[in-house]
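Scroll down for the structure; my scribbles are underneath it.
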Amino acid sequence: SVLTKCIDGLADYESGTISYEEIENVKNLSTSKKNGYMGKFGILFQNAALFDSLTVEENLRFSNKNNFKKILSEVGLPRSLLKEYPNNLSLGVQKRIGLARAILKDPEILILDEPTTGLDPIISKQINFLIKKLVNEKKITTVTVTHDMQSVYEFSDYTAFIENGSISWY
């Protein structure tokens, strides 16, 4: 989880480099360039990170796009949820809404931080299928942090195990 926060600019790091396209080290970006860099990422946080005081529609509008109604159907949710508040919805539905918000801005890279944590095996399998479907349709690269090995088997093409800050197996 710390690695993903470093990649997307939400956390600083003391050593090492994170490079992306022509950027040699993300850490050295100016604030104005960092905003452009961060705009290339969509993030599904472990707890979905929805604002409980805002409706689903208001949460989706944070991506500054108008096609949020279409995105609900892409994640398998009815439009009737737009006026609901996240704290009235199950964790599985909240994760789908978080995923919808993450892909709404058409990111180049989708960061998934523990996408199935707290879900039962049936809902986890549904979320994994949904992630694989959306990633294939939209041709998005993902960086996923998970302890759920079933998820790894279901939707990853390449896997790296990180132990003590280094890749121990790829």
Side-chain angles (χ1 to χ4, degrees), residues 1-11 20-21 34-160:
S1 294
V2 172
L3 174 62
T4 63
K5 287 179 177 73
C6 291
I7 291 170
D8 61 33
L10 295 175
Y20 181 72
E21 293 180 342
K34 191 171 264 193
N35 290 337
Y37 163 79
M38 288 173 57
K40 297 176 185 237
F41 295 89
I43 306 165
L44 173 60
F45 295 97
Q46 181 173 346
N47 62 359
L50 301 174
F51 298 103
D52 285 337
S53 61
L54 302 178
T55 64
V56 169
E57 179 176 342
E58 292 165 332
N59 270 280
L60 292 175
R61 284 190 184 271
F62 267 89
S63 292
N64 296 323
K65 294 272 189 165
N66 292 322
N67 62 344
F68 60 89
K69 291 181 182 175
K70 180 179 179 261
I71 203 76
L72 278 181
S73 65
E74 289 184 30
V75 296
L77 295 173
R79 289 184 184 177
S80 60
L81 288 179
L82 287 171
K83 301 299 179 202
E84 294 289 335
Y85 288 89
N87 58 348
N88 295 332
L89 304 171
S90 71
L91 182 57
V93 171
Q94 289 180 34
K95 293 258 188 175
R96 286 174 186 258
I97 294 166
L99 182 59
R101 187 178 61 190
I103 63 172
L104 195 53
K105 63 180 186 171
D106 298 321
E108 292 177 18
I109 297 176
L110 180 61
I111 294 178
L112 305 166
D113 187 7
E114 299 284 357
T116 58
T117 294
L119 303 177
D120 67 59
I122 294 170
I123 301 298
S124 292
K125 193 167 192 71
Q126 291 173 357
I127 295 293
N128 289 339
F129 175 79
L130 179 61
I131 290 168
K132 185 172 186 158
K133 176 178 157 276
L134 290 170
V135 164
N136 288 336
E137 286 174 1
K138 297 181 179 295
K139 302 196 182 338
I140 304 171
T141 297
T142 63
V143 175
T144 306
V145 173
T146 186
H147 293 91
D148 178 2
M149 292 311 296
Q150 190 61 39
S151 293
V152 171
Y153 296 130
E154 288 179 3
F155 70 79
S156 74
D157 294 321
Y158 302 97
T159 303

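Both backbone and side-chain heavy atoms feed into the values below; hydrogens, waters and symmetry mates do not.
- For the pair Val75/Ile97, no side-chain contact is recorded, criterion being any heavy-atom separation below 4.5 Å from C-beta on.
- Here Pro78 pairs with Ser80, Leu81 under the side chain to side chain contact (heavy atoms under 4.5 Å, CB included) rule; sequence neighbours left out.
- Among residues at least two apart or in separate chains, side-chain hydrogen bond (donor to acceptor under 3.5 Å, both in side chains) pairs with a member in residues 133-146 are Glu74-Lys138.
- Taking CZ from Arg79 and CG from Leu72, the interatomic distance works out to 8.0 Å, rounded to the nearest 0.5 Å.
- Note: Asp148 CG to Thr117 OG1 = 7.5 Å, rounded to the nearest 0.5 Å.
- The nearest pair of heavy atoms linking Pro115 to Ile127 is O-CG2, 4.0 Å.
- Not a single side-chain hydrogen bond (donor to acceptor under 3.5 Å, both in side chains) links Lys132 to another residue, sequence neighbours left out.
- A donor-acceptor distance shorter than 3.5 angstrom exists from the side chain of Asn59 to the backbone of Leu54, with no hydrogens or angles considered.
- Residues Lys40 and Tyr20 approach most closely at CD-CE2, 3.4 Å, considering heavy atoms.
- Between atom OG1 of residue Thr116 and atom NZ of residue Lys95 there is a gap of 6.5 Å, rounded to the nearest 0.5 Å.
- Within the model, atoms CG of Leu130 and CD1 of Ile103 stand 7.5 Å from one another, a figure rounded to the nearest 0.5 Å.
- Residues forming a side-chain hydrogen bond (donor to acceptor under 3.5 Å, both in side chains) with Ser73 (at least two apart in sequence, or on another chain): none.
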Residues 44-53 side chain polar contacts: donor-acceptor under 3.5 Å, at least two apart:
residue: Asn47; atom: OD1; partner: Ala49; partner atom: N; Å: 3.1

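- For the pair Gly42 and Pro107, the tightest heavy-atom approach, listed with the atom from each and the gap, is N-CB, 3.3 Å.
- Annotation: Lys70, atom NZ; neighbour count of heavy atoms from other residues, nucleotides and ligands within 6.0 Å does not exceed 12.
- Of all heavy-atom pairs between Ile140 and Glu108, the closest is CG2-O, 3.7 Å.
- For Gly118 against Leu91, the heavy-atom pair with the smallest separation is O-CD2, 3.6 Å.
- With sequence neighbours excluded, the residues forming a side chain to side chain contact (heavy atoms under 4.5 Å, CB included) with Thr55 are Glu57, Glu58, Tyr85, listed by chain and number.
- Every side chain to side chain contact (heavy atoms under 4.5 Å, CB included) that Leu3 has, sequence neighbours left out, goes to Ile7, Ile162.
- Side-chain atoms of Ile122 and Lys125, non-hydrogen and from C-beta on, never get closer than 4.5 Å to each other.
- Between the OG1 atom of Thr4 and the CG atom of Asp113 there is a distance of 4.5 Å, given to the nearest 0.5 Å.
- Among residues two or more places apart in sequence or in another chain, the side-chain hydrogen bond (donor to acceptor under 3.5 Å, both in side chains) test is passed with Asn128 by Ser151, Glu154.
- Leu104 contributes atom CG, which lies 10.5 Å from atom CG of Leu99 (distance to the nearest 0.5 angstrom).
- Taking Glu84 as the reference, nothing meets the side-chain hydrogen bond (donor to acceptor under 3.5 Å, both in side chains) condition, with sequence neighbours excluded.
- Side chain of Ser90 to backbone of Val93: a donor-acceptor contact under 3.5 angstrom is found.
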